[in-house]
Amino acid sequence: MPTLTVDGVEVTVDPGTTVLQACEEAGAEIPRFCYHERLSIAGNCRMCLVEMEKAPKLIASCAMPAGDGMVIHTNSEIVKQGREGAMEFLLINHPLDCPICDQGGECDLQDQSMAYGSGDSRYDELKRAVAEKNMGPLIKTTMTRCIHCTRCVRFATEVAGVDDLGAINRGENMEIATYLEQALDSELSGNIIDLCPVGALTSKPYAFTARPWELSKTESIDALDAVGANIRVDSRGDEVMRVLPRLHEDVNEEWLSDRSRFSYDGLKAQRLDTPYVRKDGKLQPVGWTEAFEAIKDKLNGLEGDRIGAIAGDMVCAESMMALKDLMEQLGSPNLDCRQDGAALSAETRSAYLFNTTIAGIEEADALLIVGSNPKTEASLINARIRKRWKMGSFPIALIGEEADLGYAHEYLGAGPNTLQDVANGSHSFAEVLKKAERPMIIVGQGALTRADGAAVLSVARTIAENSGMISEGWNGFNILHMAASRVAGLDLGLVPGEGGKGTREILSGNLEVVFLLGADEVDTSSLSNSFVIYQGSHGDAGAQAADVILPGSAYTEKDAIWVNTEGRPQLGRRAIFPPGDAREDWTILRALSETLGKTLPYDTIHQLRERMIAVAPHLADIDVVTPAAWGGFGESGTVTADPFSNPISDYYLTNSISRASKIMAECSSSFSKVKFEETGTNG
């Protein structure tokens, strides 16, 4: 391990560490524009210059490996002059348009020019101008500001797996552009906005709407998919202005998917802000008391087995606990959190978790994907798979609907027949899994929401057990969820009780009363004879079928616990208050229970969480993945030959919030058209 001296401080670092990293470990601050910890080294900007004794000139610390015995100076006069010179070059063509630049106030170039620039320039030639580029509906370009750090190019190529972005021309005429002047088609494209150290790439939807110092910043958790990405919600007054990623090495690193980043305008569109009751065939706005009384009148004298409830995909753990307790008070066993009908049991926790954990993907050495397209179902997990693939020696195979995943993989087949061949060892990839030290399997919802989903799950378990995926310190069996609420719902037992009905039976129309808690991805066509109570934040499919609507809160409007696909409980914080008369969901259920004479035994969120922890003790350990014991699950049976189909047909319109978003609608229109032109189909 090399030991070097930085500004008189001796520091020992790991082999392969750069001088820049060694300097930071020693407590020295090194300016940089092109260098980024998660991208390859470019050495373009030369702002990280330091002095190394016995070297003939200043060295670029980002590109120089740390060596034993090096003596580094980071604040000498020659270093100061070198950085001032580099900054002077960078500002030759940079426009003086800070007052109108959206990056103003959080711009690396502003900060570093103040800290390391000379304050004047010897260049008085005319500045060059660069035509704007079309990168789609999400990325606003002002390429005259570009300093050619190539962070965006390296991210697109290395992390997102999109080769559309690069440098064209040479010398003074060099420009960063998409090669074919088309939109940057990636589910992670918005991250280049965060990476850009100047104002060349900014958010098109956010443009000219707010300044960073005007915004209140709230740390929270994304609920638009099951990854549980850590986010920062920036709000002004009662409006969310933007959503940005937060650093969490074990979940999302520092990236965020485009749907989670840009769907925020859907939080204020098509909102339910007052209770409604259907009168004479039409929904009429009413007060809370009248809405509760309408429900009470309908439930009066009704047997519990005539009542059913379904929890949707973006429901927090607290609300589901309150719903389950209310259904128990009403004597109903008809309860389900699996609104897509996935064949998952709540009895064995390891049967529905991403047991390897997201960070654990980097330790795997073989992967089989079944009935899933991680690129659209969990873009950040797909980026982690690509990261592991780039390290090498990582064979990947796919069974299901063929798709471009962003990395090389072997396509084995379309359906369960191929899966059974792997399970019984007759397929060549079965040997690949057996030879691997840490193999893993990812089973998607496309394989589990079928009529034979339980049998498919059983076959996947057989593969895991026969391939050595379950061993001391390693569990390679993974279920990839798409719903932020699903794991918490299964943890809390929101599944049919003894003799109870699941989602399909509840939606059959044979029940008197059906309670839909944020459930919008369901077919309500058979509920015309049922009394439907919908509680949620948006006027989506569930609300349209309702007889009573109770306006709830969106994920940015409540303090709540979310459990991601790997079983990690995380705490989301309220950024703004719900609009109008809308309330937090668990408080609505608590108030309704009192009207019904079935008062729930908690008055505060702390008491409710104590109840949750009594049911699922691991929910007390925030941000901790509690390993689940392996056990039996699935049902042996006959699987059909029907091919697996991926559950997401349009990445940008998967939930009530994104469907209410104009930004997402524009993305859907733009990128669906691109795919149609490329394939000749609607994909």
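Fair warning: this is a prediction, and the values are worked out from it, not measured in the lab.
Taking 4.0 Å as the cut-off between side-chain N and carboxylate O, R259 and E187 do not count as a salt-bridged pair. Remark: E557 engages R271 in a salt bridge, criterion side-chain N to carboxylate O under 4.0 Å. Using a 4.0 Å cut-off between a side-chain N of Lys or Arg and a carboxylate O of Asp or Glu, K387 and E362 qualify as a salt bridge. The pair R236-E214 meets the salt-bridge criterion, since a charged nitrogen lies less than 4.0 angstrom from a carboxylate oxygen. Look at R38 and E253 and you find a salt bridge, because one of the NZ, NE, NH1 or NH2 atoms lies within 4.0 Å of a carboxylate O, short of that distance.
Proximity of N373 to I648: side-chain heavy atoms (C-beta onward) are nowhere separated by under 4.5 Å. At least one side-chain heavy atom of L267 sits less than 4.5 Å from a side-chain heavy atom of Y555. Counting only heavy atoms from C-beta outward, the side chains of L39 and V159 approach each other to under 4.5 Å. Within the 4.5 Å cutoff, no side-chain heavy atoms of D313 are placed close to those of N655. Counting only heavy atoms from C-beta outward, the side chains of V13 and E25 approach each other to under 4.5 Å. Proximity of D225 to T565: side-chain heavy atoms (C-beta onward) are nowhere separated by under 4.5 Å. At a threshold of 4.5 Å between non-hydrogen side-chain atoms, the residues L247 and E249 count as touching. Counting heavy atoms from C-beta outward, P578 and K558 have side chains that stay 4.5 Å or more apart.
Taking CD1 of I92 as the reference point, atom CG of D124 lies at 11.0 Å (rounded to 0.5 Å). One finds the CD atom of E84 at 9.5 Å from the CE atom of M87 (value rounded to the nearest 0.5 Å). Taking OG1 of T654 as the reference point, atom CE of M314 lies at 8.0 Å (rounded to 0.5 Å). Taken from CD1 in I657 to NZ in K268, the straight-line distance is 14.0 Å, to the nearest 0.5 Å. The distance from the NE2 atom of H248 to the CD1 atom of I221 is 7.5 Å, given to the nearest 0.5 Å. Taken to the nearest 0.5 Å, the SG atom of C62 stands 12.5 Å off from the CZ atom of F33.
Here the side chain of T142 pairs no donor or acceptor atom with the backbone of T144 at under 3.5 angstrom. No donor-acceptor pair closer than 3.5 Å links the side chain of T157 to the backbone N or O of D163. Looking at S113, its side chain does come within 3.5 Å of a backbone N or O of Q110 through a donor-acceptor pair. A donor-acceptor contact shorter than 3.5 Å links the side chain of K127 to the backbone of L91. Side-chain atoms of R568 come within 3.5 Å of backbone N or O of D623 as a donor-acceptor pair. Within the 3.5 Å criterion, the main-chain N or O of R32 finds a donor-acceptor partner in the side chain of Q112. For the pair D102 (side chain) and F208 (backbone), a donor-acceptor distance under 3.5 Å is present. With T178 contributing its side chain and Q182 its backbone, the two residues share a donor-acceptor pair below 3.5 Å. No side-chain donor-acceptor contact under 3.5 Å links R246 to the backbone of N230. Under the 3.5 Å distance criterion, the side-chain polar atoms of T17 are matched with a main-chain donor or acceptor of D14.
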Exercise. Step by step, would you call L188 with L380 a side chain to side chain contact (heavy atoms under 4.5 Å, CB included)?
Worked result: CA-CA 8 Å; L188 299 172; L380 297 171; 3.8 Å; yes
Problem set entry | side chain to side chain contact (heavy atoms under 4.5 Å, CB included) assessment of E175 paired with M143 | CA-CA 8 Å; E175 299 177 12; M143 302 312 291; over 6 Å; no
For this session: I would like to know whether L201 and C152 meet side chain to side chain contact (heavy atoms under 4.5 Å, CB included); could you show each step before the answer?
Result: CA-CA 9 Å; L201 303 174; C152 55; 3.7 Å; yes
For this session: Kindly indicate, with the supporting measurements, whether the criterion side chain to side chain contact (heavy atoms under 4.5 Å, CB included) is fulfilled by M664 and R659.
Result: CA-CA 7 Å; M664 291 295 98; R659 283 192 293 271; over 6 Å; no
For this session: Check the pair D540 / S656 against side-chain hydrogen bond (donor to acceptor under 3.5 Å, both in side chains), numbers first and verdict last.
Result: CA-CA 6 Å; D540 208 77; S656 59; 5.4 Å; no
For this session: Determine, stepwise, if the pair D265 / S661 fulfils side-chain hydrogen bond (donor to acceptor under 3.5 Å, both in side chains).
Result: CA-CA 5 Å; D265 67 319; S661 165; 2.5 Å; yes
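Counting heavy atoms of neighbouring residues, nucleotides and ligands inside a 6.0 Å radius, atom CG of L126 does not exceed 12 of them.
Using bins of under 30°, 30° to 60° and over 60° for the plane-to-plane angle, the ring pair W255/H36 lands in the parallel bin.
When the options L256, N564, I358 are evaluated for a side-chain contact (heavy atoms from CB on, under 4.5 Å) with V227, the one that passes is I358.
By the side-chain hydrogen bond (donor to acceptor under 3.5 Å, both in side chains) test, S76 is found to be paired with E51, residues two or more places apart in sequence or in another chain being considered.
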